[in-house]
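Scope of the values below: all heavy atoms of this structure, side chains included, with no hydrogens, waters or symmetry mates. Counting starts at 1 for both ligands and their atoms, following the listed order. Computed from a prediction, not measured in an experiment: that's the story for all the values here.
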Amino acid sequence: MNRIRIAIQKSGRLSERSLALLQSCGLRFARSKDKLYWYGQDFPVDLLLVRDDDIPRLLMDGVCDLGIVGQNIAREVTLENDNTESLEELRSLEFGRCRLSIAVPEKSGVSSVADLDGSRIASSYPALTQALLAERGVNAEIVKLSGSVEIAPGLGTAEAISDLVSTGTTLRANHLVELEVLFESTAALYGQQTGLSKEKQELLELLLARLDGVLQAAESKYVMLHAPRESVEEITRLLPGAENPSLMNLESDPTRVALHAVCREALFWEHLEALKGAGASAILVLSVEKMLG
Ligand code: ATP
Ligand code: ZN
């Protein structure tokens, strides 16, 4: 069958953004509330909605061709398999950002991970935690927990935890302090290592090109401004990531031109102020929805 199957998280932190990202690539699905399989309408691309932990395995077993999952989970599952089966990270995405950190009780007196040699560390990411601690020369006993890791020190089942943190609120609420970041993670699009059929490969390339367009557009801005004719070069230099701006004559003022450009890098107030300082006026910044080529 030459349909591509993409696994995404059914319900959780990554679900909404994963679906929105695929939709912004032009994919439409016949949704069914209770079913876990959504059929692709305009493209032969279907969705499988599953628990995030199952996504790496579905790719390794060839059940799905693509999957969106946190790098933390992809790394954990490949390590559990001793790296014998790997996943290919096709694109890292800009959501699901978090860090795997070691935390200890506020009053523990532990000030570095080196002090945790020989202690018990509770984690839902045992393989990843063990590997990253070993890199730091720390040998700890990992207590595997599937959830509520933050209560382990209070219960006396571990001296420290290794858990995902984004804001740190959960740690503070449990009187834990973050000692060290072991791993930074975002969601990513993964593919399987085995070769796809020619048709699927072509479809994948089309999807990746659209995805790149969406990711690039998210950062890009379309800038319009008026500039003194003699400052066009300087103003172009002040626009981050802009190439070949379009110039238009202004009927009302022959000394000034209208300049339009796409900035492919983040544009801050400081940039606009610098532009104004170089003589630009009527500066407008618009967001870009899609981009190709
Ligand atoms: P499932 O029911 O699918 O197994 P889950 O409870 O394991 O869901 P979520 O809590 O929805 O998973 O987290 C999914 C992913 O979101 C994590 O694996 C991680 O990559 C990312 N993430 C971002 N911020 C956080 C955070 N503060 N805590 C946990 N995960 C986070
Ligand atoms: Zn999960």
Side-chain angles (χ1 to χ4, degrees), residues 5-22 29 31-38 47-61 63-64 66-81 86-104 121-132 142-154 158 160-191 211 215 218:
R5 201 178 282 161
I6 309 182
I8 64 167
Q9 191 186 25
K10 181 173 185 282
S11 69
R13 295 174 201 263
L14 306 181
S15 309
E16 231 173 86
R17 299 288 303 269
S18 302
L19 183 63
L21 185 65
L22 297 176
F29 306 97
R31 296 173 181 228
S32 44
K33 262 225 164 67
D34 39 329
K35 292 214 195 90
L36 300 181
Y37 203 82
W38 291 7
L47 270 196
L48 192 64
L49 293 100
V50 293
R51 286 200 56 191
D52 62 348
D53 315 65
D54 296 333
I55 294 176
R57 190 91 317 274
L58 289 167
L59 292 172
M60 289 166 174
D61 293 344
V63 178
C64 291
L66 297 174
I68 298 178
V69 70
Q71 290 162 332
N72 53 308
I73 297 213
R75 280 289 294 276
E76 176 68 23
V77 178
T78 38
L79 281 166
E80 279 168 7
N81 287 294
S86 51
L87 298 170
E88 189 181 359
E89 184 177 306
L90 297 168
R91 297 290 184 276
S92 71
L93 308 172
E94 82 290 2
F95 61 91
R97 204 170 280 283
C98 57
R99 53 194 191 270
L100 184 71
S101 284
I102 297 283
V104 291
I121 302 183
S123 184
S124 307
Y125 299 92
L128 187 54
T129 299
Q130 188 108 61
L132 295 168
I142 311 291
V143 179
K144 186 179 176 182
L145 294 180
S146 52
S148 305
V149 168
E150 64 281 359
I151 62 172
I161 67 167
S162 163
D163 202 10
L164 294 180
V165 183
S166 47
T167 58
T169 320
T170 312
L171 292 185
R172 275 191 297 280
N174 288 282
H175 303 289
L176 297 166
V177 284
E178 199 171 343
L179 217 52
E180 189 170 325
V181 177
L182 293 182
F183 183 73
E184 309 248 16
S185 178
T186 65
L189 175 74
Y190 289 91
L211 185 63
L215 297 175

Asks: Any heavy-atom pair between the side chains of L93 and R17 that's under 4.5 Å?
Replies: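 No, too far: nothing below the 4.5 Å cut-off.
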Asks: Are any non-hydrogen side-chain atoms of F95 and I68 less than 4.5 angstrom apart?
Replies: yes
Asks: Less than 4.5 Å apart, any side-chain heavy atom of I161 and any of L171?
Replies: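 When only atoms from C-beta onward are counted, L171 and I161 do touch, with a gap below 4.5 Å.
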Asks: Would you kindly specify which portion of V69 sits under 4.0 Å from ligand 1, judged on non-hydrogen atoms: side chain, backbone, both or neither?
Replies: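 For V69, there is no contact with ligand 1 at all, from either part.
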Asks: Can you tell me the protein heavy atom closest to atom 24 (N) of ligand 1 and the distance?
Replies: C98 CB, 3.4 Å
Asks: Out of all atoms in ligand 1, which are within 4.0 Å of some heavy atom of I73? Include the element for each.
Replies: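 Near I73, meaning under 4.0 Å from one of its heavy atoms, ligand 1 has 18 (O).
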Asks: Which of the atoms in ligand 1, numbered in the order shown and given with their element, are less than 4.0 Å from a heavy-atom of L14?
Replies: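 Per the distance check, 15 (C), 16 (O).
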Asks: State, with a plain yes or no, whether a side-chain heavy atom of I102 is found less than 4.5 Å away from one of L182.
Replies: yes
Asks: I need the nearest protein heavy-atom contact for atom 20 (O) of ligand 1: residue, atom name and distance, please.
Replies: N72 OD1, 2.7 Å
Asks: Atom 2 (O) of ligand 1: protein heavy atom closer than 4.0 Å?
Replies: yes
Asks: Taking only heavy atoms of G12 into account, list the atoms of ligand 1 that are under 4.0 Å away from them.
Replies: 11 (O)
Asks: Where do A103 and L176 come nearest, in terms of heavy atoms and distance?
Replies: CB-CB, 4.2 Å
Asks: Side chain, backbone, both or neither: which applies to D52 and ligand 1 if a contact is any heavy-atom pair less than 4.0 Å apart?
Replies: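 The part of D52 near ligand 1 is both the backbone and the side chain.
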Asks: If every non-hydrogen atom of S15 is compared with every non-hydrogen atom of Q9, which pair is closest and at what distance?
Replies: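 In this case the closest contact between S15 and Q9 is OG-O, 3.1 Å.
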Asks: Please confirm whether R97 approaches ligand 1 to less than 4.0 Å, judged on its heavy atoms.
Replies: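 Yes, R97 has heavy atoms under 4.0 Å from ligand 1.
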Asks: As a test of reading the structure, name the N/O/S atom of D53 that is nearest the Zn ion (ligand 2).
Replies: OD1
Asks: Provide the number and element of each atom of ligand 1 under 4.0 Å from a heavy atom of Y125.
Replies: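 The list of qualifying atoms is 18 (O).
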Asks: Please work out whether any backbone atom (N, CA, C, O) or any side-chain heavy atom from C-beta onward of T170 is under 4.0 Å from ligand 1, and answer side chain, backbone, both or neither.
Replies: neither
Asks: Among all protein non-hydrogen atoms, which one is nearest to atom 11 (O) of ligand 1, and what is the separation to 0.1 Å?
Replies: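 Answer for atom 11 (O) of ligand 1: R13 N, 2.8 Å.
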Asks: Determine, stepwise, if the pair R75 / Y125 fulfils side-chain hydrogen bond (donor to acceptor under 3.5 Å, both in side chains).
Replies: CA-CA 9 Å; R75 280 289 294 276; Y125 299 92; over 6 Å; no
Asks: How far is atom 27 (N) of ligand 1 from the closest protein heavy atom, and which atom is that?
Replies: S166 OG, 2.7 Å
Asks: Considering non-hydrogen atoms only, spot the tightest contact between Q71 and S92 and give its length.
Replies: NE2-CB, 3.8 Å
Asks: Would you call R31 and L49 a side-chain contact if the rule is heavy atoms closer than 4.5 Å?
Replies: no
Asks: Show the atoms of ligand 1 that are less than 4.0 angstrom away from any heavy atom in D53.
Replies: 4 (O), 7 (O)
Asks: With a 4.5 Å limit on heavy-atom distance, are the side chains of L58 and R5 in contact?
Replies: no
Asks: Near G70, which atoms of ligand 1 are under 4.0 Å from a heavy atom of that residue?
Replies: 20 (O)
Asks: For the residue pair T170 and N174, what are the closest heavy atoms and their distance?
Replies: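 Heavy atoms only, the tightest pair is O-ND2, 2.8 Å.
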Asks: With a 4.0 Å heavy-atom cut-off (strictly under), which part of Q9 contacts ligand 1: side chain, backbone, both or neither?
Replies: side chain
Asks: Show the nearest heavy-atom pair for residues L128 and N72, with the distance to one decimal.
Replies: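 Reported closest heavy-atom pair: CD2-O, 3.8 Å.
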Asks: I'd like the atom name of the N/O/S atom in D52 lying closest to the Zn ion (ligand 2).
Replies: OD1
Asks: Examine ligand 1 and decide if any of its atoms is less than 4.0 Å from a heavy atom belonging to F95.
Replies: no
Asks: Could you identify the single nearest non-hydrogen protein atom to atom 30 (N) of ligand 1 and state the distance to 0.1 Å?
Replies: L164 CD1, 3.3 Å
Asks: Mark up the atoms of ligand 1 that fall under 4.0 Å of a heavy atom belonging to G96, in ascending order.
Replies: 21 (C), 23 (C)
Asks: Quick check: do W38 and L19 have side-chain heavy atoms less than 4.5 Å from each other?
Replies: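 Yes, at least one pair of side-chain atoms sits under 4.5 Å.
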